Amino acid sequence: MAKNQILTDSDSDDDTPLVARSNGTRSRAAKANGNGKRPHTSDEELSDEDVPLAKRAKPTNGASAKPSSSGSAAASTSTTSRLLKEEDSSDDEPLASQASDTRHIVSPEKIKDESDSDDDVPLYQASANGAGKKSAAKPKANGKAAAASDSDSKPAKTKVPRKRVKKEEDSDADAKPLKKARTPRKKVKVEEDDDSDDDKPLAKSLAAKADSKAAKGDSKGKGKAKTKKEAEEAEEEEMFKWWEANMLGDGTQKWQTLEHSGVLFPPPYVPLPSDVKMLYNGKPATLPPESEEVAGFFGAMLETTHAQDQTFCNNFFSDWLKILKKYPPAGGVKITEFGKCDFRPMYEHFAAEIARRKSMPAAEKKALKAEKDAAEEKYTFCLLDGRKEKVGNFRAEPPGLFRGRGDHPRRGALKFRIGPEDIILNIGKEAKIPVPNIPGEWKKVVHDNTVTWLANWKENINGSFKYVFLAAGSSLKGQSDMNKFEKARELKKHVDKIRKDYNADLKSKLSADRQRATAMYFIDRLALRAGNEKGDDEADTVGCCSLRYEHITLQPPDELVFDFLGKDSIRYYNVVKVEPQIFKNIRIFKGPPKETGDAIFDRVTTTTLNKHLASYMKGLTAKVFRTYNASITFQEQLDKCTPKDGTVAEKLAAYNQANRMVAILCNHQKSVSKNHGTAMENMAQKIRALKYQRMKLRHGLFALDPKLKKKRKNLAEDESDIDDEWIVKYEDETRAKEIEKAQKKWEKDNEKLEAEGKDTLDESVVEAKISKINDEYDRLKEERGTGQAEVKGKKTEENILTNIAKLDERIHTMKIQMVDREEGKEVALGTSKINYLDPRITQAWCKTHNVPIEKLFSKTLMVKFPWAMEVDGEWKF
DNA sequence: CGCTATGATTCCGCTTCCTACCA
DNA sequence: CTGGTAGGAAGCGGAATCATAGC
């Protein structure tokens, strides 16, 4: 099976996290148990771990709906999850040694990498400057590579000794020369129509201290007209390469100057036509716009599963009643019962609207879109330190019914419409304060340059804040993204010691320490999320620290069954072989008086855990482990599994395979698309059809000259997976299809001719065609089993051979695709690509293996990761 | 410490866009 | 060649989580 394959692959290196698991069915919202209280156990220390375990005949797996015993699921998992083989009891054999062990096993070409990753192995050296050491200790790498990796890994550390005093001036001073030197900036940014007035005022006033050249350049270059495309290109070329500039402040100050247009509010509610009314008690009810709008929210969702959801309906109805109280229906109608409401007419109306819009002529659609785009244009970017940067979510979230994921207690609640008076704007001191596109005044305007948001507001569902940030491709986001990966890479230097320590702590006498160590083990090996506490009116989902009694089941002698709902109520199901100490610890942590509903790690919180982690390395938190393990696994898999001389298709498959392992590790699931099965079967059919063609070509070749059969031994063999039976069926089916096609075409042609008032084609025409088809297939029938065939087209040996080769190629790629597809049917690759895999790994791999990166990164990904594009093939995570 | 306020990241589902295929 | 389609992939929206500072 596909899955096993993944596993076997991963099997060899013991150091990587426990990737593979049979991820059971994905089930959302399978409510576990409601309560949130978790009584601490007693405060006692763990006197010793020799708690009698046999005694309590614990129902080891009662909870799970999975066949956790010896069913197929369990079987496959146990193959998959590796036993972390440490010498069990001996803490003094740290993971570190394992790590280097395995490294030596890996293929020879890995040695190069090894020296690279060397700097992460010995902890005692960790404090030394990584970059310097690297190049010194690596005579192997060619000069270019070494230099590059030096400069790219720590752009901040240029030779110029610079004190990091006032970060802003500092970085500015740096940015300037660098920019000039490295990016041949033609100052001709052209933005024909827009923005000129936005650019100037601020930049000018700040020219003294701030970098104003960009803005000035902008306004100056305005003369020349260009085509849109050219303008775009120019803009692209001109992009600010912050990763080449020195942007290293202390990170607290995010910008100098900031101008933007605020948030864009959705248009006010437009009441429905007067003939569209919901029914109450069977009679049309006339609602004021305020309550009609809310009714419409529900009406629009009538055909979704939400409308079947009790909680959703209840929440909606109770919120709607509040609105109705203020804006009651006309004519004294009292709406009190949900069951008497019929929103169908509204639904029909919306459906018709959607259909109408869909059937609109393309030109009209385009015009409408252009209009909308024009209105939004100025919101799409801002000026950050004089540079134009894209804004992400500049639209205020429209009102609606809250669609919580999973078993969210607030699902269906009304999310209010927000206006300017809800919004806090964050903008540069001297910037012009934008005027909202609907009447009203901003709630507040602040000038906080230590944060990256442009606006925020409080949302009424959970009382949390929503923010307008810059787009993913912006410099601010890019920098924090790069920092994230650099932080994860830094962990390489500490991870051995951390592992060693927590392995020791697994036996600590102090319950708190032992729990923490165990939790860290899970976070490290299983890539669990931290698991912050959650409130009562949130969905009951957990992460590591919030795991409860019922979420881990002991399966003697050495397996733990994890089964819980994680973020977004995605089920995490994993059967893991663990070493005895872990098993023992969980047994203790689940020991009496604990029971269902109690926290397993009652002495650990995310805060304490993170604090502990930070003692090893500044900024180290639980989530860094996820990033680290994802990227390091990815890198290792790529190094190990990419075929050196493979085709591009094979390399891509290897890439996807590595990507998939990470996705499985991080539990990024997607539901199997409903027609996956048929799609697979179709592909298989297509392959068989290609093989059939190939067979015909071979036979044609032999027909050409019987001697060729001996000469081309490699072609003598029959195609696999198509047998006589299949051929009969296939030929019959294609014959039928072609006849049907001819028939249909004839009918259609006639329809057309008739419409044009011309004479229709006689039936004999189609009959002739059909008989021709029949003749052909009869001939093929004759050919069956003869090992000979008639080939169309040029009948030379050479020609036939090249055609066979082409078919071989197609069959091969198709097969690869098929395997890829099957293995990935329930794994979402995108999430890890966007969030967890250092893009530089991909880029370096592409350069080494000569694969165009466009095959792996979509346009947005390319926009998001410009900073990663300049690494060379030698770069390693 | 735990709690709250705030800030930032991660993540999935729905919609839209794109593309390979077909008539 | 061309318009029409289906099925995926990409893009977007916004929910969910993580994290930290300050009380």
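Please read all numbers here as calculations on a predicted model, not as lab measurements.
Residue A:N532 has no polar side-chain atom (N or O) positioned under 4.0 Å from OP1 or OP2 of C:dT17. Proximity of A:R403 to the phosphate of B:dG13: no side-chain N or O atom is located under 4.0 Å from OP1 or OP2. The side chain of A:Y836 places no N or O atom within less than 4.0 Å of a non-bridging phosphate oxygen (OP1 or OP2) of B:dT9. Close to C:dA15, at under 4.0 Å from its OP1 or OP2, lies no side-chain N or O of A:K567. For B:dC11, one of the phosphate oxygens OP1 or OP2 lies less than 4.0 angstrom from a side-chain nitrogen or oxygen of A:H668. Contact annotation: A:T608 side-chain N/O to B:dC1 OP1/OP2 distance is not under 4.0 Å.
Residues A:A512 and A:V604 approach most closely at O-CG2, 4.2 Å, considering heavy atoms. Listed here is the closest heavy atom pair of A:C666 and A:R626: O-NH2, 3.4 Å.
Heavy-atom distances to DNA chain C give each of A:F857 and A:K466 a nearest nucleotide, and the one nearer the 5′ end belongs to A:F857. DNA chain C is contacted by both A:T606 and A:G404; A:G404 maps to the nucleotide lying nearer its 5′ end (nearest heavy atom per residue).
A:Y836 meets the ring pair (Phe, Tyr, Trp, His ring centres under 6.0 Å) test with A:H668; sequence neighbours excluded. With sequence neighbours excluded, the residues forming a side chain to side chain contact (heavy atoms under 4.5 Å, CB included) with A:E303 are A:R344, A:Y347, listed by chain and number. Residues forming a ring pair (Phe, Tyr, Trp, His ring centres under 6.0 Å) with A:F297 (at least two apart in sequence, or on another chain): none. Scored by the side chain to side chain contact (heavy atoms under 4.5 Å, CB included) test, A:P852 finds A:E854, A:K855 as partners (sequence neighbours excluded). Remark: A:A396 pairs with A:F265, A:P266, A:I418 by the side chain to side chain contact (heavy atoms under 4.5 Å, CB included) rule, at least two apart or across chains. Applying the ring pair (Phe, Tyr, Trp, His ring centres under 6.0 Å) test to A:F469 and every residue at least two apart in sequence or in another chain returns A:Y467. When the ring pair (Phe, Tyr, Trp, His ring centres under 6.0 Å) test is applied to A:F416, no partner is found at least two apart in sequence or on another chain. Qualifying side chain to side chain contact (heavy atoms under 4.5 Å, CB included) partners for A:K611, counting only residues two or more places apart in sequence or in other chains: none.
Atom pair A:N835:CG and B:dT9:P shows a separation of 10 Å (rounding to whole Å applied).
The base of B:dC12 sits with one of its N or O atoms less than 3.5 Å from a complementary donor or acceptor on the side chain of A:R405.
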Using nucleotides 3-5 of chain B, report all nitrogen or oxygen pairs with the protein that are shorter than 3.5 Å.
none

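Heavy atoms of A:T452 sit under 4.0 angstrom from primed sugar atoms or phosphate atoms, though from no base atom.
The salt bridge (Lys or Arg N to Asp or Glu O under 4.0 Å) analysis of residues 613-623 of chain A, with sequence neighbours excluded, yields no pairs.
Residues from residues 612-623 of chain A lying near DNA chain B, meaning a heavy-atom separation below 4.0 Å, are A:K623 in numerical order.
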Exercise. Could you run down nucleotides 16-23 of chain B 5' to 3' and tag each one B, S or - for protein heavy-atom contact under 4.0 Å?
Worked result: -S-----S
